[in-house]
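Written out below as structure tokens is the structure these notes cover.
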Amino acid sequence: MSGRAGPHTQLMKDSYPLQRSRLPIWISALWCVFCLAGFQPASANLTPIESTTTEQTNSGQMEFRGDGGEVLGAPLLSTRVQLTITGMIATTTYVQTFHNTSDTWVEGRYVFPLPETAAVNGMTMRIGDRLIKGEIKEKQAAKRMYQQAKQSGKRASLVEQQRPNVFSQTVANIAPHEKIEVTLSYRQTVDFNHGRFSLRLPLTITPRYIPGVVSTPTDGAPEETTLSLDTQGWGWAKPTDQVPDADKITPPMTTSKTTDEGAIRNPVSIEIDLNAGLPLARIDSPYHDIVIQKNGTEHQISLSAGQAPMDRDFVLAWQSVQQKTPQAALFTEQVISDEGGNSDYLLLMLLPPQTPHHSKSGPLHAPEQLAREVQFIIDTSGSMGGTSIEQAKASLQLALSTLSSQDRFNIVEFNTSFQHFSPTSEPATADNIRKAQAFVQNLEAGGGTEMYAPLNAVLSQTTDETYLKQIVFITDGSVGNESALFHLIETRLDHARLFMVGIGSAPNSYFMRKSAQFGRGTFTHIGDLREVSEKMSTLFEQLESPVLRDIHIEWPEGLSVEAYPRKHPDLYRGQPLLLKAKADTDTPNGLQGEVKLSGKMISHQWSQSITLPTKQSHTDKRSAKGIASLWARDKISDLLDQKHAGISEADIKPQVLKVALAHQLMSPYTSFVAVDQIIARPENGTLKQQEVPNLLAKGQKPSRHSLSAQAKTKTLNTHIQRTSAHSYPQTALGLNGILLMASVCLLMALLLLMLARKPQPSSTLEPCL
Amino acid sequence: MTLNKQVCFKVIATLLLMAAGSLYGHTGYLYGKAVLAQWLIADAWQQTLVQQDLVRPWPWADTWPVARLKYQSDDTTEDLYILEGAAGNSLAFGPGHLAGTPLPGTPGNSVIGGHRDTHFAFLEKLQIGNQLQLQDQRGQWHTYEIHQIQIQDIRQGPLRLESDRNALQLITCYPFDSFNAGGPLRYQVSLHRLNNSSR
């Protein structure tokens, strides 16, 4: 027995090293089998339900021209922006230079963004030494003038407003190797929020999602073949039933920031004269490097690199020395009208006193403060991909963590379809917050931006009246159907308040600002992960409650005043009351008297008076240019807003035209056109149409699901009347696969066991040898 | 040397057996979950009908029944409770209503997704002209008839739905006996509502 046992143990020992070296391999191999078989179905279920993730960009409409290559002979463009900021008013000269580098005559088109509040009131075209002043015309008339000039071979330029923040520039008959310069001028008021002044200059357009079904030309009327006569067919999207002008707001995009020579493609240079009228504590530009030259209270600011690619919005922010933050400011401009009458235009800014619990001593709950029900809506569409979704998620996580235990909340995420975190609002218990945070953590961006359905779902949800209903909407707003959404907010808001959080390098500010206006809340821009905590905590303060409600303004007697906004919104912490008014005076005393402002603060009634300057004081430095344009711009905006309250466009249009033409302003119904009188292009010379692309916003991914899907569905579904798009569910566990794997394992195990058995006799002999 | 091999084989065989066991276990677990959950959901559905309110089948559930679907033929009877949401969390327990489409039984075109290897395995047997019964949240029963069966490729674009009719789409993965869970094909059964309904 011992003779047998000895060698046996010997052998066992010998075999150990062998086993040791092989075992890990086998274990890891088995582990792989495990992972593949057992866990694959689970992970497959977790992948975002994305239907058309194929990276095909072969759909003709998507003009992602130039993967580092030249954009098919498009004219080169450079933009020069000169900003002069005086007090609360910024005047901008926006110069676009089109350079035709080809050997043919070119018509160039460029769709570009401007600030959503810009009052565009001037345009000139420069060809060599000649300067041609643009005229404001009714949209159709301007288009006709442009088309005629184009056909007769004259150089011409047409600027149209497609959205309050999206404009298009077309320049006809640019000679080979010629440069044509078009200058726009506009004014805007500076934003003032939480003691911080800021100005945003949008520089690129995040591609908009175009919901709806492609509208087909009406029967019988063959589509006009005079493409060259119309500006249609430029964009990557076709008009749909929901966005009838989709082709005009979807410029081609490019990802290449530089030309073949290494220079910046379509660069921008920015020069700013900042005359804040106050000693400043800080000037900064969060997304660009700048150089600041100080000259007394004036500052000259420019890009430190001189030029920058137009791939993100430019923001300038400044803060005055703490004690000097103005509590009230009044600017006036006197305009003598053609009839000889005087009109005074006023810009009034007033910062209501902030309630005491602003002190950092800790959260102070006013006794009447209601518990809140906060509905978070987060945009997880394709355009939010890249850095935007990270910013959005971080913002939402932070917002969740600040809910107090008596609050209730829910989350809705949407792309092509939408999904609730929970069927009803949940109390903000630690447990629910944890679950919600996990829900948010798993969100991924992809798919379309079907914003209407989720917004409608949230707005129509009834809430217990004892709760203050607030909606926090986190999005980049890159949709083309803004108007329908505003109508929805306007009609369904009820007691809720909508707070917009704009995400990304180039959000749709028009959508943010207007949604907040109709939603009676505020809007916040977040362009960088670093800004999340600061900007969101500002928002949380605002969410607590409005500082001032039911604002009433009483003008002195004898003045006929037309002031905008007509119905003043609630003011939240840090927001000023901003009023633009036109006052007609017949009395020789002119503008004088006291403006009485009153409103409700949390615990008491508030009122304040401001003394208007007398006629003599007009010469003081408080008078400022441009208030009339800004007032007219607000009036147009107010008129257009009535559309969402159900007033027909036919009633609104003549009123808008009257204001726009009188004040030389661009509007949806008025365009600037400039025509050179010299016939430049010979009759036999052909004209090629070229579109200048926009640069894809920083942090965004070029392979955009929403775009490629959009382009595809357009061609596929032209015949279907009304359809909606949905992602397919993931509908397999893969039980077959797992069973197969299990059976294979079992078979192999049995086989091995049989093999292990067979050599039994020989092994008993071995020790004897 | 052979003894060596023998031991080695035995170890591997044991490991393989363990793997097979746990894989069978996993299958059983998934399958059991799918079957057992429907029992719990059945109660929740009864309560939903009585209370006319959302009822969760178990306290921590992130989904709830929204409809009941019945199919009867000579050799099969299917009685399924449709849950809210067509993502993995609810599909494990029952077919799910795709968020963003109208609720089953309400006007419009609603979509229900289900796993091809559990609840919706029976779709394979369905023929054009077959009828299914659906009970909505008010307890109303509706009859739907199959008028089309298609195989869709999700790479061809999203699911497009006509929205102005009383229709129902049942969707599951295709092919039914595929070993791979994440394939691109979907089996789409389109039904429209017949004009009789009863309590």
Side-chain angles (χ1 to χ4, degrees), chain A residues 11 15 18-19 22-23 26-27 30 33-34 37-38 40-41 44-46 49 51-52 54 416-419 423-424 450 453 709 712-713 716-717 720-742 745-746 748-749 752-753 755-756 759 762-763 766, chain B residues 2-17 19-20 22-24 26-27 30-31 54 62 64 84-88 91 96 98-101 111 113-118 120 152 154-164 171-173 177-183 186:
Chain A
L11 269 168
S15 65
L18 190 67
Q19 274 185 350
R22 270 197 202 161
L23 253 177
W26 275 98
I27 287 172
L30 275 170
V33 170
F34 241 105
Q40 190 206 24
N45 280 335
L46 282 175
I49 322 163
S51 46
T52 53
T54 41
T416 312
S417 54
F418 68 98
Q419 169 187 342
T424 51
E450 294 288 349
K712 249 179 226 156
T713 53
L716 284 173
N717 290 287
I720 299 171
Q721 284 188 330
R722 274 193 70 81
T723 63
S724 55
H726 301 271
S727 302
Y728 285 95
Q730 176 68 42
T731 46
L733 289 167
L735 292 184
N736 272 340
I738 311 176
L739 281 177
L740 175 79
M741 205 58 82
C745 286
L746 191 67
M748 277 169 65
L752 282 171
L753 283 178
L755 281 174
S762 67
S763 71
E766 216 170 341
Chain B
T2 22
L3 193 60
N4 229 342
K5 225 188 240 169
Q6 218 179 326
V7 172
C8 192
F9 279 176
K10 273 185 183 162
V11 168
I12 296 161
T14 316
L15 285 170
L16 278 169
L17 275 174
S22 70
L23 286 173
Y24 280 124
H26 188 62
T27 315
L30 288 176
Y31 196 77
L54 304 178
D62 50 4
W64 53 95
E84 179 52 38
L91 289 187
L98 185 66
T101 69
V111 177
H115 280 153
R116 63 160 158 77
D117 28 21
T118 53
F120 268 7
Q152 306 281 15
I154 63 171
R155 293 166 298 193
Q156 297 289 311
L159 172 62
R160 304 292 300 193
L161 295 174
E162 292 175 54
S163 57
D164 52 352
I171 291 181
T172 193
C173 281
D177 50 1
S178 165
F179 294 119
N180 176 15
R186 295 291 181 277

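In what follows, every chain begins at residue 1, and chains take the letters A, B, ... in the order their sequences are listed.
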**Prompt:** What part of B:S178 lies closer than 4.5 angstrom to a heavy atom of chain A: side chain, backbone, both or neither?
**Reply:** backbone
**Message:** Is it the case that the side chain of A:N736 and the backbone of B:F179 share a donor-acceptor pair, with hydrogens and angles ignored and the cut-off at 3.5 Å?
**Reply:** no
**Message:** Between B:L54 and chain A, with a heavy-atom cut-off of 4.5 Å, which part of the residue counts as in contact: side chain, backbone, both or neither?
**Reply:** side chain
**Asked** Residues two or more places apart in sequence or in another chain: which of them pass side chain to side chain contact (heavy atoms under 4.5 Å, CB included) with B:T27?
**Response** A:L735, A:I738, A:L739
**Item:** Region of B:R186 that comes under 4.5 Å of a non-hydrogen atom in chain A
**Value:** side chain
**Message:** For the interface with chain A, which of B:Y24, B:F120, B:Y31 has the highest count of heavy-atom pairs at distances below 4.5 Å?
**Reply:** B:Y24
**Request:** Please assess B:L91 against B:H115 for the test side-chain contact (heavy atoms from CB on, under 4.5 Å), listing each intermediate value before the final yes or no.
**Result:** CA-CA 7 Å; B:L91 289 187; B:H115 280 153; 3.7 Å; yes
**Complete:** Those residues at least two apart in sequence (or on a different chain) that pass side chain to side chain contact (heavy atoms under 4.5 Å, CB included) with B:D62 are B:N89
**Request:** Please look at A:L740 and chain B and tell me whether the side chain, the backbone, both or neither of the residue comes under 4.5 angstrom of a heavy atom of that chain.
**Result:** side chain
**Request:** Show your working on side-chain contact (heavy atoms from CB on, under 4.5 Å) between B:I171 and B:V111 and close with a plain yes or no.
**Result:** CA-CA 7 Å; B:I171 291 181; B:V111 177; 3.9 Å; yes
